[in-house]
There are 2 protein chains.
Amino acid sequence: MSLGERQQWILKSIVDTYVSTAEPVGSRAIAQQSDSPISSATIRNEMAELEARGLLVQPHTSAGRIPTDLGYREYVDNLMTPAELPEAEKQEIRHELSERVYEFNDLLKRATSLLSVATGYASVSLTPSEQFSYVKQLKFLSIEAERVLVIVVLSAGLVRDRLIRISELISSEQLQLIAGAIEESLQGIPIQEITLVTVESALEGIALPDAILNQLLYEAYISIKQADHLDVYMDGVQRLLVQPEFREATEVHRVYNALHNDGLITGYLTKAQGQGPDRPFMIRIGQEIKLNGLEACSLVTTTYELGDRLCGRIGIIGPKRMEYEKVIPRISFIRESVKEYYDKKSENFE
Amino acid sequence: MSLGERQQWILKSIVDTYVSTAEPVGSRAIAQQSDSPISSATIRNEMAELEARGLLVQPHTSAGRIPTDLGYREYVDNLMTPAELPEAEKQEIRHELSERVYEFNDLLKRATSLLSVATGYASVSLTPSEQFSYVKQLKFLSIEAERVLVIVVLSAGLVRDRLIRISELISSEQLQLIAGAIEESLQGIPIQEITLVTVESALEGIALPDAILNQLLYEAYISIKQADHLDVYMDGVQRLLVQPEFREATEVHRVYNALHNDGLITGYLTKAQGQGPDRPFMIRIGQEIKLNGLEACSLVTTTYELGDRLCGRIGIIGPKRMEYEKVIPRISFIRESVKEYYDKKSENFE
DNA sequence: TTTAGCACTCGGGTTTGGCGAGTGCTAACT
DNA sequence: AGTTAGCACTCGCCAAACCCGAGTGCTAAA
């Protein structure tokens with residue numbers, strides 16, 4: 001590979017121009033750019049070269065060029081220089097971020113929404129989780145006769161709960177006893193490895209009818225499994241859909257289906273979770289995303305960390321023709337702001 | 001008003017045909033219908049009459065007629081005869097409804113999804129609530145040092161909770177004491193009427209630093225207010241969007257924005273909640289829905305009841321050109337199935 | 001090696017004309 | 001009086017023809 005300096009400059013110009021106009025860009029447009037030292041003819045030659053190398057394509061003869069996935073890749077890896085955000089915008093985000101936020105998921109939801117506004121594309125995030133979580137606490141809380149709240153506290157401090165009904169009256173003490181026994185038997189076992197049998201082994205020798213015991217076991221098991229699940233927040237999809245690449249209703253449908261196909265995005269982002277923190281941004285362009293329907297999109301996400309165990313993912317989905325230089329610093333800043341707020345809340349609520 | 005029998009028959013035929021073809025229907029199409037006793041010329045005369053009465057329109061000269069909102073209204077009120085669903089489909093729904101359902105909201109979500117599949121349009125539902133709910137229980141549960149789970153039980157049995165952090169260590173007993181005091185002071189007060197002041201009055205004379213007391217009060221207050229909030233589930237929007245009325249991308253956007261404008265649908269359905277149980281179905285056609293962007297849609301919803309206090313809403317959003325005769329019995333059946341499952345679970349969890 | 005000039009290509013927009021579905025009106029029929 | 005056949009008319013849709021202009025690749029000169 002290794003492009004000449006002039007070719008780099010031309011490629012960058014083409015990408016920048018195409019990003020802002022969404023129209024194939026011709027040699028003249030580049031040549032007329034204020035700081036261009038070279039003529040359109042020369043640019044044409046270089047463009048032909050860039051096309052031969054697979055970085056550009058012509059949608060048809062007599063049209064300008066547009067970048068290929070590879071062209072964007074080159075741009076993203078070597079050519080762009082993300083700009084720092086202006087202080088005013090930082091202030092704005094910091095201010096908006098804390099409005100009407102009552103718990104962490106609110107904060108994340110809000111951050112996701114802000115990210116969409118700040119970038120103008122669709123945003124997604126994954127609720128935090130830890131890689132190998134286990135059950136730290138399990139409680140049965142008697143709410144009324146025959147109704148019990150099952151509370152699961154995971155190792156990293158996540159709390160989930162679930163309301164169940166049981167068929168018999170049972171005292172708080174007994175409930176506590178059972179919960180304690182289950183809790184103890186699960187100490188240190190990663191949730192993925194817990195099975196119904198694991199849980200069952202806990203209750204040897206507790207003096208209660210089998211029926212009720214089995215029900216509680218089952219409910220505890222379900223609650224634990226549910227506790228580990230991830231939510232995905234998505235916002236501003238309409239901002240993505242108004243992009244000119246989706247002028248066709250069928251294109252809109254393809255993207256819509258991909259995004260709202262339950263669990264598809266979640267699964268994808270979860271797999272991406274593995275990315276090391278050395279390369280904080282994951283940028284997938286067009287075909288590189290393997291999800292059916294998102295071929296015309298790019299996905300830029302990053303991992304956010306809370307405390308020293310929890311992490312999640314946040315980022316945006318835009319057209320391939322995306323303002324990468326603007327998007328990156330905004331995701332960065334929001335990632336940091338979320339962490340900051342989380343830490344602040346942890347040590348001292350307002 | 002009062003249409004002649006023949007006019008009724010013609011109007012019904014036109015609506016039925018238009019619903020299935022999405023094309024303006026002409027006099028000949030009606031005349032050729034197998035059971036038509038009359039000629040196209042007569043039908044033309046009647047159609048002109050129906051148009052004069054505002055029940056039909058011609059999109060342009062030399063096109064057939066399509067129903068106006070008023071035409072659909074007449075159809076819905078007087079002409080259609082909803083069919084009972086086949087037993088096979090009932091079985092199917094009953095079977096699907098209970099899969100992987102772990103608590104009521106799962107059931108509702110599942111029901112909503114099934115409704116969309118069964119009708120082929122988008123479906124919406126509102127989580128259950130009661131008209132004048134009050135706080136029945138309030139609990140603070142100490143999870144770890146400095147982390148407390150606030151649990152609110154509403155009068156109808158709804159349970160909501162929220163994890164908070166507090167800045168100081170405080171014993172379980174003290175937490176219970178505070179929660180008890182707040183709980184008592186709120187007995188019988190409708191949630192809408194609770195203010196921060198109401199809550200504050202509870203803690204006269206508890207011996208703890210003001211700072212921590214105030215924080216707990218505030219958190220309790222927020223939790224209570226949050227407990228009352230409604231969720232909306234929506235599913236199968238893509239089924240709506242592929243309808244031919246939304247072939248234009250801009251139309252897709254209008255509908256999309258209306259549906260995903262946070263709180264818009266919720267608010268609308270909540271207001272509709274008031275509908276008496278005498279008229280179980282609310283059918284809003286086109287302009288009758290006052291929401292910007294849904295002019296081409298119809299909204300058919302019904303109230304579901306759980307126990308004797310809780311109720312919510314479930315229904316579908318389709319194009320005006322909707323198979324009302326098929327939609328109604330499906331909503332009915334799902335409403336009943338949800339109630340049935342809820343009751344069954346209440347008395348005896350499998 | 002760069003650039004000016006030029007012939008060529010081809011997509012997009014506009015115009016034109018024919019086709020056909022559907023209508024309203026009139027006159028005949030029951 | 002109500003119904004029906006016949007017919008002229010309207011108008012949206014579609015395809016063909018057409019032009020325009022943007023952009024190219026090539027060639028030859030600087």
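Lettering follows sequence order; numbering is per chain, from 1.
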#### Entry: Atom pair distance, as rounded to whole Å: CG in B:Leu56 and P in C:dG22
15 Å

### Message
How many whole angstroms separate atom CD of B:Glu46 from atom C1' of D:dA1?
### Response
14 Å

### Query
How is B:Ala41 classified with respect to the nucleic acid when contacts are heavy atoms under 4.0 Å: base, sugar-phosphate, or nothing?
base

### Task
Starting from C1' on D:dA1, measure out to CG on B:Asn45 and report it in whole angstrom.
13 Å

### Message
Whether B:Thr61 contacts D:dC11 is assessed here as follows: a side-chain N or O lying under 4.0 Å from the phosphate OP1 or OP2. Is that the case?
### Response
yes

### Query
Between A:Arg53 and A:Glu49, is the closest basic N to carboxylate O distance under 4.0 Å?
yes

### Task
Choose from D:dT24, C:dA4, C:dG24 the nucleotide whose nearest atom is closest to any side-chain atom of A:Met47.
D:dT24

### B:Leu50 CG - C:dG22 P separation (whole Å)
17 Å

### Message
Closest-nucleotide mapping onto DNA chain D: is A:Pro24 or B:Ile38 further toward the 5' terminus? I mean the 5' end.
### Response
B:Ile38

### Query
Ion pair present between A:Arg330 and A:Glu89, side-chain N to carboxylate O less than 4.0 angstrom?
yes

### Message
I want to verify a distance call: between D:dG25, C:dG24, D:dT4, whose nearest atom is closest to the B:Ala48 side chain?
### Response
C:dG24

### Message
If we ignore hydrogens and angles and just use 3.5 Å, is the side chain of B:Asp69 paired with the main-chain N or O of B:Gln287 as donor and acceptor?
### Response
yes

### Atom-to-atom span, CD1 of A:Ile14 to C1' of D:dT24 - whole angstrom
13 Å

### Task
Would you kindly give the CD1-to-P distance between A:Ile30 and D:dG23, to the nearest whole Å?
11 Å

### Task
Please figure out whether A:Ser40 or A:His60 has its closest DNA chain C nucleotide nearer the 5' end.
A:Ser40

### Message
Taking 4.0 Å as the cut-off, does a side-chain nitrogen or oxygen of A:Ser62 come that near to OP1 or OP2 on C:dT9?
### Response
no

### Query
side-chain contact (heavy atoms from CB on, under 4.5 Å) with A:Glu74: which of A:Val15, A:Thr68, A:Leu79?
A:Leu79

#### Entry: Interatomic distance where CZ belongs to B:Arg6 and C1' belongs to D:dG2 [whole Å]
8 Å

### Message
Just checking A:Glu5: does its CD atom have more than 12 heavy atoms from other residues, nucleotides or ligands closer to it than 6.0 angstrom?
### Response
no

### Task
Measure from CD on A:Glu49 to P on C:dT1 and round the result to the nearest Å.
12 Å

### Query
Does B:Arg28 put a side-chain nitrogen or oxygen below 4.0 Å from OP1 or OP2 of C:dG20?
no

### Message
Does C:dG24 have its OP1 or OP2 closer than 4.0 Å to a side-chain nitrogen or oxygen of B:Arg65?
### Response
yes

### Query
Quick one: the side chain of B:Arg44 and the base of C:dG24, do they pair up donor-acceptor inside 3.5 Å?
yes

